[in-house]
Amino acid sequence: MEFELLHKDPASKARAGILRTDHSEIQTPVFMPVGTAGTVKGVHQRELEKDIDAPIILGNTYHLYLRPGLETLRGAGGLHGFMNWNRSILTDSGGYQVFSLAANRKLKPEGAWFSSHIDGSKHVFTPENIVDTQRIIGADIIMAFDECTPWPCDLKYASSSLELTHQWLDRGLKQFASTEPLYGHTQAFFPIVQGSVFKELRRASAEFIAEKGAEGNAIGGLSVGEPAEEMYAMLEVVNEVLPFDKPRYLMGVGTPVNILEAISLGVDMFDCVMPTRNGRNGMLFTREGIINIKNRKWMNDYSPIDEHGSSYVDMQYSRAYLRHLIISGEMLGAQIASMHNLAFYLWLVRRAFEEIKSGTFTAWKERILPALNTRL
RNA sequence: GGGGAGAUACCAAAGUGGCCAACUGGGGUAGACUGUAAAUCUACUGUCGUACGACUUCGGAGGUUCGAAUCCUUCUCUCCCCA
């Protein structure tokens, strides 16, 4: 993997660049659709490539390990072949499940003991076997195993959790260095900065991680309930320390506004379930504002879903029709909404790239921001 | 013509003397959702009021009772079986 910085916004920390893996070229800033279980829910790989034009998507180690399981993935030659996706893949390590499935796991220095949410079976994740598993999945970018701390979280807990995440990182790096990719394409390993909402911890974590000289670095444990301002404050601290010439990945974020703000603070990569999950639940993001398509007011609105939209579904179907599909629980409604939202997110970051390139990012961001939060 | 069952809020359906403005679904209205245990979840859904509460409801009318959706009388309507 290589990363090339191309442009820098004069009025902010925003940067535009290009990330190259063995599978695709990725313009940054980039938004990566989340495809937890080997599918971006409701969206065909064909649409993801041809219509939405996503250069990279996410998979999840925890989910894929449980189902279909490593034997199947290895037999398929890795996730790319298994799901017939020839562009890049990044896999999350399961660190987020340490957080979201807290009731089903036990943390120890050696690793995390999980009860499967599917059948209750017991499993152990360690920084080492999470690397091995991600070798088998074969993602282009693989993530360190971390503890994503909950919020709120006191300094003492955040501090000892960070210590654990750092120990796990060293073990993960060692395992990564002593193993090879299985399918003939290279893999990059990203460490993850933690530290909850404490500046000193965040700075210390960023310093610890910067020293590792990884090909890219991630920032985790944010947008877990804290006010957005706290998240931005953490990004400011962390991005002062993380290497300038390596991509910075803000995990799990976020709303369109979050993404633009984070870009202006120097973040290059994003992923979030919001466009797909919220889309399935009837929430549409547009450059004019947010639509709750389930609301009665759209019942007889025969205008296109989004006349400025970049997906073909935007002009092909009316708001009234999409409302009908979603209200009726029809699968196609979820599919159309997911496509629209993903296309919007991808448009947003591509446009950000262009604005950074032309040195107008900050002005553009300020202009577009108020609308993005508007409820239509 | 004979016999039986039943009428409860937008729909379906509990409730058979006070704990009932009335269980539960559905429908409706709104909200939530940020490295996906989510095609999920939450709230409200007789009227007025932010709320405490007040008022009008369980086919119609009348009655019994301190008190009725629940008991009695009667009327209307619906469904089923037999002819």
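Letters A, B, ... are given to chains in the order of the sequence lines, protein chains preceding strands, and every chain is numbered from 1. Worth saying up front: this structure is predicted, and the values here are computed from it rather than measured.
Distance check on atom P: B:rU78 versus B:rA43 gives 41 Å, rounded to whole Å. Comparing the P positions of B:rU74 and B:rG4 gives a spacing of 15 Å, expressed to the nearest Å. For the C1' atoms, the distance from B:rG59 to B:rG1 is 26 Å, rounded to whole Å. A distance of about 13 Å separates the C1' atoms of B:rA9 and B:rC23, rounded to the whole Å. The P atoms of B:rC58 and B:rU70 are separated by 8 Å, rounded to the nearest whole Å. Using atom C1' as the reference point in both B:rU73 and B:rU64, the two lie 11 Å apart (nearest Å). Comparing the C1' positions of B:rG3 and B:rC10 gives an interatomic distance of 35 Å, to the nearest angstrom. To the nearest whole angstrom, the two P atoms, one in B:rC71 and one in B:rG18, are 11 Å apart.
Side-chain contact check for A:I89 versus A:H80: some heavy-atom pair is nearer than 4.5 Å. Counting heavy atoms from C-beta on, the side chains of A:V224 and A:W151 come closer than 4.5 Å.
Both distances falling under 3.5 Å, in either a Watson-Crick or a G-U wobble arrangement, place B:rA30 opposite B:rU42. Remark: B:rA83 base-pairs with no nucleotide; criterion is Watson-Crick or G-U wobble with both hydrogen-bond distances under 3.5 Å. When both pairing distances are held under 3.5 Å, B:rC77 makes a Watson-Crick or G-U pair with B:rG6. With both pairing distances under 3.5 Å, B:rU24 is matched to B:rA12 as a Watson-Crick or G-U wobble pair. Under the Watson-Crick and G-U wobble criteria, each requiring two contacts below 3.5 Å, nucleotide B:rU64 is left unpaired. With a cut-off of 3.5 Å on both pairing distances, the Watson-Crick or G-U wobble partner of B:rC48 is B:rG53.
Within the 3.5 Å criterion, the main-chain N or O of A:S116 finds no donor-acceptor partner in the side chain of A:S121. Checking side-chain atoms of A:S161 against main-chain N and O of A:Y157 turns up no donor-acceptor pair under 3.5 Å. A side-chain donor-acceptor contact under 3.5 Å links A:K297 to the backbone of A:L376. Distance alone, capped at 3.5 Å, is enough to place a donor-acceptor pair between the A:D268 side chain and the A:R248 backbone.
Contacts of A:L58 with the nucleic acid, taken as non-hydrogen atoms under 4.0 Å apart, involve only primed sugar atoms and P, OP1 or OP2. Within 4.0 Å (heavy atoms only), A:N295 reaches sugar-phosphate atoms of the nucleic acid but no base atom. Nucleic acid contact for A:T276: base, since at least one base atom lies under 4.0 Å from a heavy atom of the residue. A:E330 comes within 4.0 angstrom of no nucleic acid atom, judged by non-hydrogen atoms across all strands. Counting non-hydrogen atoms under 4.0 angstrom, A:N104 reaches a base of the nucleic acid. Residue contacts shown for A:R105 are absent, as no nucleic acid heavy atom lies under 4.0 Å away. Among the atoms of the strands shown, only primed sugar atoms or phosphate atoms (P, OP1, OP2) are found under 4.0 Å from some heavy atom of A:D271. A:G221 comes within contact range of at least one nucleobase, with a heavy-atom separation under 4.0 Å. Within the 4.0 angstrom heavy-atom criterion, no nucleotide atom of any strand lies near A:E226. Heavy atoms of A:N60 sit under 4.0 angstrom from primed sugar atoms or phosphate atoms, though from no base atom.
Note that A:R15 lies in the cation-pi zone of A:F244, set by a 6.0 Å cut-off to the ring centre and a 45° limit from the axis. A:K212 forms a cation-pi arrangement with A:F208, by the criterion of a distance under 6.0 Å to the ring centre and an angle within 45° of the ring axis.
Take the nearest nucleotide of RNA chain B for A:R296 and for A:Y249: the residue whose nucleotide is more 5' is A:R296. Place A:G252 and A:A103 on RNA chain B by their nearest nucleotides, and A:G252 ends up nearer the 5' end.
In the 5' to 3' direction, nucleotides of RNA chain B lying under 4.0 Å from heavy atoms of chain A begin and end at B:rG28 to B:rU40.
With a 6.0 Å radius and a threshold of 12 heavy atoms from other residues, nucleotides or ligands, A:M299 has its CE atom above the threshold.
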